[in-house]
Asks: 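First, the structure itself, so that you have it in front of you.
Whatever order the structure lists ligands and atoms in, that order sets their numbers, starting from 1.
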Amino acid sequence: MSDSCSIAFIGTGVMGRSMAGHLLRAGHTLHVFNRTKSKAQPLLDAGAHWHNSAGSAAAAGDFVITMVGFPGDVEQTYFGPEGVIARARPGAVLIDMTTSSPLLARRIAEAAVKRDLAALDAPVSGGDIGAREARLVIMVGGDEAAFLRAKPLFEVMGKNISLQGPAGSGQHCKMANQIAVAGSMLSWVEALAYAKRAGLDPARALESISGGAAGSWSMTNYGPRALRGDFQPGFYVKHFLKDMRIALEAAAEMKLDLPGLACAKKLYDRVAARGWEELGTHALYRLYTES
Ligand code: NAP
């Protein structure tokens, strides 16, 4: 176990509640805030301390971890009047694990330095299952000294942990991840829609193709859920659309054309237009199989 620290954890949704739970069980003192208090209740029952704002929680931590939804939520959490930047203790390490924009990560790092704080962007991959099983991939941007201080905490939540470069680099790496995920979601959804239309048993077809050259994490983990008709998130459609928007904007700034990603984004726009934004990303299968 790493030395016991005082950690503020802001954002206890699908991912945050599991990640914070691991830190608590590892013996750290946890100070939590979430927009909807009831979602933090299991952590409070297990011994975490409740705070009424992000800033109040941040003021109690040597480390401040945020796992909120969208860049706008990150902006509010860090720069709002009761925000993390204003209230964190000098010397604290701020770690944003939300999937957010590389540009915003750099702004946070710049603001942090001015207040004698360190900041890391550390988005994750591995899904709700990876969070529950503490097997997340953690992609980090920021300076090495802060990374080394935070590493024992990352090791409680994940397995494949790497410093990718300066502030914003963790988010860029996560965007590369999401570009690959977009392609793999399309590939297995189209394969299973085809198998079904051809009169095959899609579950049996999935079993055959998932272990071969066509297999992927998305196919193995989300394919069976889609075939069972279980579209609970998992990973929300609304968050995947946010990621694809960030990636397309970042690519456009770098003058890089990503036609495959643009196609995936259009298909997911249609998923959202059907009212399925709050479902898991495997709801794409419904677009192909329900008229
Ligand atoms: P989620 O269930 O919506 O959790 C986000 C939590 O943050 C919610 O409980 C939300 O409060 C809270 N929140 C939002 N804004 C806040 C604010 N200003 N102050 C305090 N709390 C705030 O989403 P999630 O699935 O855990 O995903 C979190 C992030 O991880 C997203 O950026 C997502 O893209 C990324 N991610 C998700 C997965 C996955 O498989 N789920 C995998 C990798 C990365 P409410 O309870 O009021 O909504």
Asks: What are the atoms of ligand 1, with element, lying closer than 4.0 Å to any heavy atom of Asp128?
Replies: 40 (O)
Asks: Which one of Met15, Lys39, Met97 has a non-hydrogen atom at the shortest distance from atom 24 (P) of ligand 1?
Replies: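 Comparing heavy atoms across Met15, Lys39, Met97, the nearest one to atom 24 (P) of ligand 1 lies in Met15.
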Asks: Looking at Glu144, I'd like to know if its CD atom is crowded, meaning that more than 12 non-hydrogen atoms belonging to other residues, nucleotides or ligands lie closer than 6.0 Å.
Replies: no
Asks: Return the closest protein heavy atom for atom 45 (P) of ligand 1 as residue, atom name and distance.
Replies: Thr36 OG1, 3.4 Å
Asks: Only heavy atoms count here, so choose which of Val137, Val181, Asn34, Ile129 is nearest to atom 9 (O) of ligand 1.
Replies: Asn34
Asks: Is it the case that Arg107 places NZ or CZ above or below the six-membered ring of Phe79, under 6.0 angstrom from the centre and within 45 degrees of the axis?
Replies: yes
Asks: Go through ligand 1 atom by atom and flag the ones less than 4.0 Å from a non-hydrogen atom of Gly69.
Replies: 31 (C), 32 (O)
Asks: What is the nearest protein non-hydrogen atom to atom 3 (O) of ligand 1, stated with its residue, atom name and distance?
Replies: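 Nearest neighbour among protein heavy atoms for atom 3 (O) of ligand 1, to 0.1 Å: His239 CE1, 3.6 Å.
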Asks: Testing Gln171, Gln178, Lys265 for side-chain hydrogen bond (donor to acceptor under 3.5 Å, both in side chains) with Asp243, which one passes?
Replies: Gln178
Asks: Could you tell me whether some N/O pair between Phe70 and ligand 1 is separated by less than 3.5 angstrom?
Replies: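 N/O-N/O distance under 3.5 Å: no.
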Asks: Strictly under 4.0 Å, does any heavy atom of Lys242 approach an atom of ligand 1?
Replies: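 Under 4.0 Å: yes for Lys242.
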Asks: Starting from atom 5 (C) of ligand 1, what is the nearest protein heavy atom, named by residue and atom, and what distance separates them?
Replies: Met67 O, 3.8 Å
Asks: What part of Thr77, side chain, backbone, both or neither, has a heavy atom within less than 4.0 angstrom of ligand 1?
Replies: side chain
Asks: Ala54 near ligand 1, heavy-atom distance under 4.0 Å?
Replies: no
Asks: Can you tell me if Lys174 has a non-hydrogen atom under 4.0 Å from ligand 1?
Replies: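 Flag set, Lys174 near ligand 1.
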Asks: Write out the residue and atom name of the closest protein heavy atom to atom 35 (C) of ligand 1, then the distance separating them to 0.1 Å.
Replies: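 Nearest protein contact, heavy atoms only, for atom 35 (C) of ligand 1 is Thr99 OG1, 3.6 Å.
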Asks: If you count heavy atoms of other groups shown closer than 6.0 angstrom to CZ of Arg270, is the number above 12?
Replies: no
Asks: For atom 48 (O) of ligand 1, what's the nearest protein heavy atom and its distance?
Replies: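 Here the closest protein heavy atom is Arg35 NH2, 3.0 Å.
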Asks: Go through the steps for Leu43 and Asn34 under the test side-chain contact (heavy atoms from CB on, under 4.5 Å), then give the verdict.
Replies: CA-CA 11 Å; Leu43 291 165; Asn34 191 59; over 6 Å; no
Asks: Phe231 versus Arg225: any side-chain heavy-atom pair under 4.5 Å?
Replies: no
Asks: For ligand 1, find out whether one of its N or O atoms is nearer than 3.5 Å to an N or O atom of Gln76.
Replies: yes
Asks: Could you name the option among Val68, Thr98, Asp73, Val14 that has the heavy atom nearest to atom 28 (C) of ligand 1?
Replies: Val68
